[in-house]
Amino acid sequence: MKLLLKNVRLQDKSTGLEIKDIFIENGTIAKIGRELNLEADRTIDGDGYFAAPGFIDLHVHLREPGGEKKETIETGTLAAAKGGFTTVAAMPNTRPVPDSKEQLDWLQERIAKTAAVRVLPYASITVRELGRELTNFEEMKEAGAFAFTDDGVGVQTAALMLEAMKKAAELDMAIVAHCEEDSLINKGCVHEGSFSKVNGLNGIPSVCESVHIARDVLLAEAANCHYHVCHISTKESVRVVRDAKRAGIRVTAEVTPHHLLLCEDDIPGLDANYKMNPPLRGKADQEALIEGLLDGTIDFIATDHAPHTAEEKAEGMQLAPFGITGLETAFPLLYTHFVEKGILSLQQLVDLLTIKPAEAFGLPFGKLEEGAAADIVLLDLETQREINPLEFLSKGKNTPFAGWPCKGWPVLTIAAGKVAWEEKADVLA
């Protein structure tokens, strides 16, 4: 398959934005240049849209198997493509859990049949994510596991986590952690702060997260393991990760768009679309996350895309499940509120969604250059429109950002040399 992208704007380090063409052959970017006249199976007029490497999201919930009412691999990866993501890593808190070669083989087969973009499957650290017995790491790596995590629950026993890290280090694999100390969760549904007090709700204290990270970075140092912190949310957690990096510990961290954009002060009432785990923290935490992203303490951005049904979210703040959707809104929200406001440059934002996660995990993706994988997203940086959950390709419509006006909308996504999604086929064809 040969594709020719004409008239797209590319970032040039020395000259800024330039109009160029991109020729794609056999899933690879074969040539980038001006006014290319090459024979192709399809020629697409990019109409001056900005071209970026396909985004990488290393924290998504595709829900399949077991949660198909919320999402499937097919619908979740179509949502990813619409959001400009060409590589996603699927969390293992499904039913059944990918905790054996047989289950991971099934998952890989399902991905091959139904996924619109590249999916990297996590394997669980422990059997059934129960925190009692380690899975067979060697077997899971051979079956194609991307990394190991019990995302959704924290591994509570330090001895078991240390053993997991040692095994992962032997295999040159990462341990990825959802950090919560169960004895400190307090049956909370929101952050322990002003919102929980005003509304009489049990709160999850910041130390519930940060104490787990503090424990784990020391275990990672002892094991010489790559340890990655999921969805960091508190100022204390940022401090721990910063100190660990200064000490030479191999730790990386991610932050979500919603924790960068919102804090507990923004929750309008008992709306479960504002319920996520970790919860929206205090204003000082939000500011620390932005600072940590800018100074490199936090390595990259991941959405923690977590679709739920409308019926589940209608159960209210106390009973509804944690989580919001994120794949289709991430770039427009971040571009509008960080690039347009001068907090990040366009290149910095693109890097945080492409080359930075790729570098953190040694992935060969996230570059738009000759010889690289043909993962490309075209972005309309000018048109403004409101976020409308009814237009989501994800089954999950659960977002706190409905009605937010944004620029930076993807219009075309190419994954591994094939068009995975396009907004205006009649215009772009």
Side-chain angles (χ1 to χ4, degrees), residues 56-59 89 122 125 146-151 154-155 158 161-181 206-260 278 281-282 284-304 334 338 343-345 347-363 365-366:
I56 298 169
D57 190 347
L58 298 185
H59 192 142
Y122 282 101
I125 295 172
F146 166 61
F148 299 102
T149 183
D150 273 6
D151 185 66
V155 175
M161 184 58 116
L162 179 59
E163 184 183 355
M165 288 182 173
K166 287 179 177 179
K167 285 185 177 292
E170 290 173 1
L171 298 170
D172 194 24
M173 297 279 278
I175 291 291
V176 177
H178 170 110
C179 295
E180 280 188 297
E181 168 55 51
S206 294
V207 72
C208 178
E209 173 182 289
S210 57
V211 73
H212 235 231
I213 298 173
R215 180 201 75 172
D216 284 355
V217 294
L218 295 174
L219 295 177
E221 182 179 33
N224 192 27
C225 173
H226 175 199
Y227 168 68
H228 179 73
V229 181
C230 291
H231 44 48
I232 194 169
S233 73
T234 79
K235 60 184 186 297
E236 295 86 359
S237 299
V238 174
R239 186 175 73 232
V240 169
V241 170
R242 184 179 288 122
D243 289 346
K245 286 191 170 187
R246 287 172 177 166
I249 299 171
R250 192 180 173 195
V251 56
T252 54
E254 72 193 34
V255 66
T256 71
H258 46 275
H259 287 107
L260 293 170
R281 304 287 187 180
D285 297 299
Q286 182 188 11
E287 292 170 349
L289 294 173
I290 295 171
E291 180 185 354
L293 190 67
L294 293 174
D295 71 16
T297 300
I298 299 171
D299 297 84
F300 59 85
I301 297 170
T303 69
D304 191 13
L334 293 164
F338 283 84
I343 301 169
L344 291 171
S345 69
Q347 190 60 55
Q348 282 177 309
L349 176 57
V350 169
D351 287 351
L352 287 165
L353 291 167
T354 57
I355 194 64
K356 294 295 186 180
E359 288 176 346
F361 281 81
L363 297 173
F365 312 120

Query raised in the report: Quick one: do the Gln286 and His259 side chains pair a donor with an acceptor below 3.5 Å?
Result: no
Just verifying a value: how many Å separate [X] [atom1] and [Y] [atom2], rounded to the nearest 0.5 Å?
| X | Y | atom1 | atom2 | value |
| --- | --- | --- | --- | --- |
| Ser233 | His258 | OG | NE2 | 9.0 Å |
| Leu353 | Thr303 | CG | OG1 | 9.5 Å |
| Glu254 | Asp304 | CD | CG | 7.5 Å |
| Thr297 | Leu294 | OG1 | CG | 10.0 Å |
| Lys235 | Glu291 | NZ | CD | 12.5 Å |
| Cys230 | Glu209 | SG | CD | 10.0 Å |

Requested in this report: Could you tell me whether His178 and His231 have their ring centroids closer than 6.0 angstrom?
Outcome: yes
Query raised in the report: Do His228 and Phe300 have ring centroids that are under 6.0 Å from one another?
Result: yes
[X] side chain near [Y] side chain, heavy-atom distance below 4.5 Å:
| X | Y | result |
| --- | --- | --- |
| Met161 | Arg215 | yes |
| Val211 | Glu236 | no |
| His59 | Asp57 | yes |
| Leu260 | Ile301 | yes |
| Leu58 | Phe361 | yes |

Query - With Ile213, the side-chain contact (heavy atoms from CB on, under 4.5 Å) member among Val251, Thr234, Val241, Leu218 - result: Val241
Query raised in the report: Salt bridge check: are Lys245 and Asp299 linked by an N-O gap of less than 4.0 Å?
Result: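 The answer is yes: the pair qualifies as a salt bridge.
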Donor-acceptor contacts under 3.5 Å from residues 163-176 side chains, at least two apart:
none

Requested in this report: Evaluate side chain to side chain contact (heavy atoms under 4.5 Å, CB included) for Asp150 paired with Tyr122, printing each intermediate quantity in order.
Outcome: CA-CA 9 Å; Asp150 273 6; Tyr122 282 101; over 6 Å; no
Closest heavy-atom pair and its distance - [X], [Y]:
| X | Y | value |
| --- | --- | --- |
| Val229 | Ile232 | CG1-CB, 4.4 Å |
| Ile298 | Leu289 | CD1-O, 3.5 Å |
| Leu334 | Pro257 | CD1-CG, 4.0 Å |

Query - Side-chain donor/acceptor of Asp243 to backbone N/O of Val240, under 3.5 Å - result: no
Report task. For the pair Gln348 (side chain) and Ser345 (backbone), establish whether a donor and an acceptor sit closer than 3.5 Å, ignoring hydrogens and angles. Result ->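 Yes; judged by distance alone, with no hydrogens or angles, the pair exists.
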Considering only distance and modelled atom types, tabulate donor-acceptor pairs under 3.5 Å from the side chains of residues 219-227, sequence neighbours left out.
residue : atom : partner : partner atom : Å
His226  : NE2  : Thr252  : OG1          : 2.9
Tyr227  : OH   : Asp216  : OD2          : 3.0

Query raised in the report: Run the side chain to side chain contact (heavy atoms under 4.5 Å, CB included) check on Phe338 and Leu349 step by step: do they pass?
Result: CA-CA 8 Å; Phe338 283 84; Leu349 176 57; 5.8 Å; no
